[in-house]
*Asks:* 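This is the structure I have questions about; it appears just below.
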Amino acid sequence: MPRTYAVTSLKGAHVLLTGATGFIGQAVLERLLADHPDTRVSLLLRGRGGCGGRDRLVRLLRKDVFRRWHERPGGDDELADAARRVQVVEGDLESVTGLPDDLDTVIHCASAVTFDPPIDEAFGSNVAGAVRLCEQLARQPVPPHLVYVSTAYVSAPGHGTVREEPLRHTVDWRQELAASQTVRAEVERDSRRPEVLRRLLREAGRAHAPCGNQVVAGHAEEARRAWVARRLVAYGRARANALGWTDVYTFTKALAERATEESWAGRPLTVLRPAIVESALHHPYPGWIDGHKMLDPLIIDYGTGAMWDLPGDPDAVLDVIPADLVVNAILAAAAATPPADAPHYFHVGSGAGNPLTYGAFHDHLDAYFTRHPLPDPSGRGHLRHARWRFQSPARVRTALDLADRAVAAAGSALEWLPGGERVQERDRALRHRRGELARQRHYFEVYQPYTGAQGRYDDRELMALHRSLPPELAAGRGFDARGLDWRGYLEEVHCPAVTRRLRDAMGLRGAAAGRGRAAPRALPPADDVAAVFDLDGTVVAADMVESYLWARLGSGSLPGHAAELLDLARAVPRYLRAERTDRAAFVRAFLHRYQGADADALRGLVQDALADALLRRVLPEAVRRAREHRAAGHRTVLVTGSLDLLVEPLRPLFDDIVACRMESRGGVLSGRLVAPPVVGEARAAWLREYAREHGLSLRRSYAYADSYSDRPFLASVGRPCAVNPDLRLYRYAARRHWPVVRWGAHAGTRWEALAEAVRAGGASTATRSYA
């Protein structure tokens with residue numbers, strides 16, 4: 001039989017609240033401030049990002065959850081009220097000290113709430129944190145009533161009825177906690193084994209070798225850290241599954257219950273186990289929610305049409321409970337007469353008295369998005385929402401595996417195509433699809449154990465507590481979900497709240513798409529700013545090979561041309577391999593083809609014939625941009641791996657030209673460079689030294705380039721721009737939110753006018769060419 005509870009009041013009580021910045025913690029704090037004016041509150045808050053605990057409280061009180069408290073009629077200034085009633089204890093569960101010694105009630109909401117954190121972090125927050133809190137509270141002159149907020153899923157989804165009582169298992173929480181704290185050191189040690197490091201370096205080299213050794217090493221180290229994180233997550237999931245739990249979150253929360261029961265034995269303890277907590281039904285206002293909770297990513301992907309399969313049983317119960325009903329239950333349990341003999345346990349959910357099935361949940365989503373479809377971000381019409389088929393987990397996994405392989409194959413094929421807008425569009429679509437598949441796989445791993453569960457969480461003790469509420473409180477502060485109208489809650493409260501921000505963002509994107517691209521801003525004048533341009537693909541629509549052919553075919557006999565072309569064709573595979581692994585090696589190898597050329601003859605050829613060929617390929621936008629930088633007082637620089645002799649016609653555009661210079665012996669080029677080519681990482685190092693030499697601010701400077709090998713160079717300035725980027729640079733620029741532009745010859749533009757513009761751009765400018 002359920003117990004009889006005496007629910008009194010928290011009037012005059014001193015309450016310690018942990019986890020006040022979390023979803024439930026915020027709502028509990030708001031209710032204490034708004035509805036319990038005679039209650040003192042202490043918050044355990046740690047500083048973060050240079051912001052102390054008290055400052056974090058001030059920021060917290062500005063959040064939307066405190067709207068009603070701010071607007072209460074006749075209320076005092078809210079900050080003055082908080083200063084009078086709220087005490088901040090600086091620290092966290094790992095270093096909690098200095099707690100007030102007159103606590104009456106402790107509401108412990110803090111925990112790691114993700115399903116798959118690393119095992120040591122999950123145990124540290126959930127288990128060790130609860131134990132440390134109990135150790136500190138044991139120093140109180142009078143033991144306070146400890147209200148521990150757990151989760152209904154500590155029992156693990158299954159079949160049958162789960163009672164409101166202690167968990168039945170024989171797992172030793174002390175042993176598991178101790179083991180979890182040694183795992184990170186083991187995994188870190190494994191990650192540094194030679195075979196692991198060599199594999200990570202090989203993989204990083206295949207993807208990033210053109211950028212240089214430091215970039216490759218940096219990515220290998222990032223991959224090692226990611227490997228450690230994945231292993232720690234896998235350790236937690238495997239250990240939880242091996243002992244019967246679905247994930248490390250429910251596993252550690254279950255052990256935290258047992259640890260709290262033992263650490264707080266003989267003292268007043270209440271354990272609340274909420275089910276899936278979602279947006280508020282009434283308080284602080286309908287639809288209040290902070291961030292995305294368990295179901296919300298599913299709702300959004302359903303509305304956008306990104307998720308078409310949900311594994312599981314449509315008849316399984318989805319145990320959802322609005323946040324304000326959970327807060328009401330927490331405060332009622334806190335105000336109940338503390339148990340004298342054994343802990344109280346309460347399941348806070350809806351499945352026992354008002355079950356919502358997954359099939360019904362799907363029907364409500366279908367009805368909502370049919371009436372209120374999401375806008376297409378392109379500004380054209382609306383998105384088509386999904387319809388779940390509730391297939392078996394095996395079929396969903398197989399479909400995901402096939403889709404992943406198809407996307408990976410398409411992405412690999414794109415890398416062999418020349419860069420261009422159509423390739424970039426396809427890559428954007430592939431990246432979008434890859435993200436959708438990654439989310440679906442994550443949902444599959446996280447939700448699949450729950451979507452087929454047939455268990456029911458009994459709530460007879462919770463209903464006994466509800467019936468014990470004074471009549472004046474039962475209506476507004478009750479927590480009986482039996483009268484909850486699922487259609488009204490899901491279709492009129494929760495779904496609008498979850499999609500509101502997404503609709504606003506999509507509407508803004510659609511409006512921006514309708515307006516088109518904004519006009520470029522004028523460059524700010526400055527005399528300590530550089531604008532540094534790469535040559536091939538950025539300033540001219542040509543590359544090093546094409547420049548060589550101009551020079552080689554501009555003189556000599558036709559038989560000589562044929563032999564040269566044949567030799568060049570045979571060398572192409574070797575050059576391609578060199579360019580993909582070491583840009584500097586490729587430049588040195590290719591420029592070696594100039595060995596034996598007469599320097600004066602080559603210089604004359606450039607002046608007489610090749611200048612026009614080069615100027616024909618100059619991109620109008622590059623000329624325009626360089627001249628805009630000049631007009632703003634910026635120092636314009638051209639940096640290239642080409643020979644200095646070949647870029648002479650471009651001198652008028654730039655204040656400085658940085659190119660390769662070749663040794664000359666008796667007027668004949670030796671094929672050896674005077675200094676290493678300024679490419680890849682060397683280009684970034686050169687730019688840092690150049691900025692120091694000329695007193696330039698790299699943070700305010702500009703760089704323009706088209707190749708992924710220029711990534712370190714672009715990243716060294718505050719205003720990088722990817723021009724006609726190859727696919728790898730395009731992907732990187734998109735991730736870093738760098739500007740990406742397409743520069744190309746415009747129809748009807750006469751190259752003679754361009755050449756004249758270049759020649760008139762600054763004939764008197766003193767330029768120099770050095771390595």
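The analysis underlying the following values was restricted to heavy atoms, covering all of them including side chains, and did not include hydrogens, waters or symmetry mates. Bear in mind that the values here come from a model prediction, so they are computed numbers and not experimental data.
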*Asks:* So how far is it from Leu490 CG to Tyr368 OH, rounded to the nearest 0.5 Å?
*Replies:* 11.5 Å
*Asks:* Take atom CZ of Arg192 as the centre, draw a 6.0 Å sphere, and report whether it contains more than 12 heavy atoms from other residues, nucleotides or ligands.
*Replies:* yes
*Asks:* Quick check: His362 with Tyr302 (ring centres under 6.0 Å apart)?
*Replies:*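 Tyr302 vs His362: aromatic centres under 6.0 Å.
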*Asks:* Do side-chain atoms of Glu621 reach the backbone of Gly744 as a donor and acceptor pair under 3.5 angstrom?
*Replies:* yes
*Asks:* Per the salt bridge (Lys or Arg N to Asp or Glu O under 4.0 Å) rule, what does the pair list look like for residues 404-413, sequence neighbours excluded?
*Replies:* Asp404-Arg441
*Asks:* Are Arg189 and Glu186 close enough for a salt bridge, meaning some N to O gap below 4.0 Å?
*Replies:*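 Salt bridge flag = no for Glu186 with Arg189.
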*Asks:* Set out, in order, the CA-CA distance, both residues' side-chain angles and the distance that settles side chain to side chain contact (heavy atoms under 4.5 Å, CB included) for Arg742 and Asn724, then state yes or no.
*Replies:* CA-CA 5 Å; Arg742 300 292 304 177; Asn724 305 332; 3.9 Å; yes
*Asks:* When the aromatic ring centroids of Trp738 and Tyr730 are compared, is their separation below 6.0 Å?
*Replies:* no
*Asks:* Determine whether Asp363 and Trp486 satisfy the following criterion, side chain to side chain contact (heavy atoms under 4.5 Å, CB included), listing intermediate values before the conclusion.
*Replies:* CA-CA 11 Å; Asp363 293 342; Trp486 288 117; over 6 Å; no
*Asks:* Charged N to carboxylate O under 4.0 angstrom, Arg184 versus Glu121?
*Replies:*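 Glu121 and Arg184: salt-bridged.
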*Asks:* Just checking, any donor-acceptor pair under 3.5 angstrom between side chains of Arg735 and Tyr732?
*Replies:* no
*Asks:* Please state whether the rings of Phe361 and Trp388 are parallel, tilted or perpendicular, taking 30° and 60° as the class boundaries.
*Replies:* tilted
*Asks:* Within this structure, what is the OG-CZ distance for the pair Ser716 and Arg683, rounded to the nearest 0.5 Å?
*Replies:* 10.5 Å
*Asks:* Are the side chains of Val248 and Arg237 in touch, meaning some heavy atoms are under 4.5 Å apart?
*Replies:*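 No, every pair of side-chain atoms sits at 4.5 Å or beyond.
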*Asks:* Is any NZ, NE, NH1 or NH2 atom of the basic residue among Arg199 and Glu195 found under 4.0 Å from an Asp or Glu carboxylate oxygen of the other?
*Replies:*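 A salt bridge is absent here (no side-chain N lies under 4.0 Å from a carboxylate O).
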*Asks:* Suppose we call two aromatic rings close when their centres sit under 6.0 Å apart. Are Trp743 and Tyr704 close by that rule?
*Replies:*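 Centroid separation for Trp743 and Tyr704: below 6.0 Å.
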*Asks:* Given 3.5 Å as the limit, does a donor-acceptor pair link the side chain of Glu681 with the main chain of Pro712, or not?
*Replies:*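 Not at all, since once roles are kept as given, no pair shorter than 3.5 Å links the two residues.
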*Asks:* Report the distance from atom OG1 of Thr357 to atom CG of Asp315, rounding to the nearest 0.5 Å.
*Replies:* 6.5 Å
*Asks:* Does the distance from a Lys or Arg side-chain N to an Asp or Glu carboxylate O, for Arg224 and Glu221, drop under 4.0 Å?
*Replies:* yes
*Asks:* Treating Asn126 as the side-chain partner and Ala112 as the backbone partner, does any N or O pair qualify as donor plus acceptor under 3.5 Å?
*Replies:* yes
*Asks:* Strictly below 4.0 Å, N to O, side chains only: are Arg397 and Asp401 in salt-bridge contact?
*Replies:* no
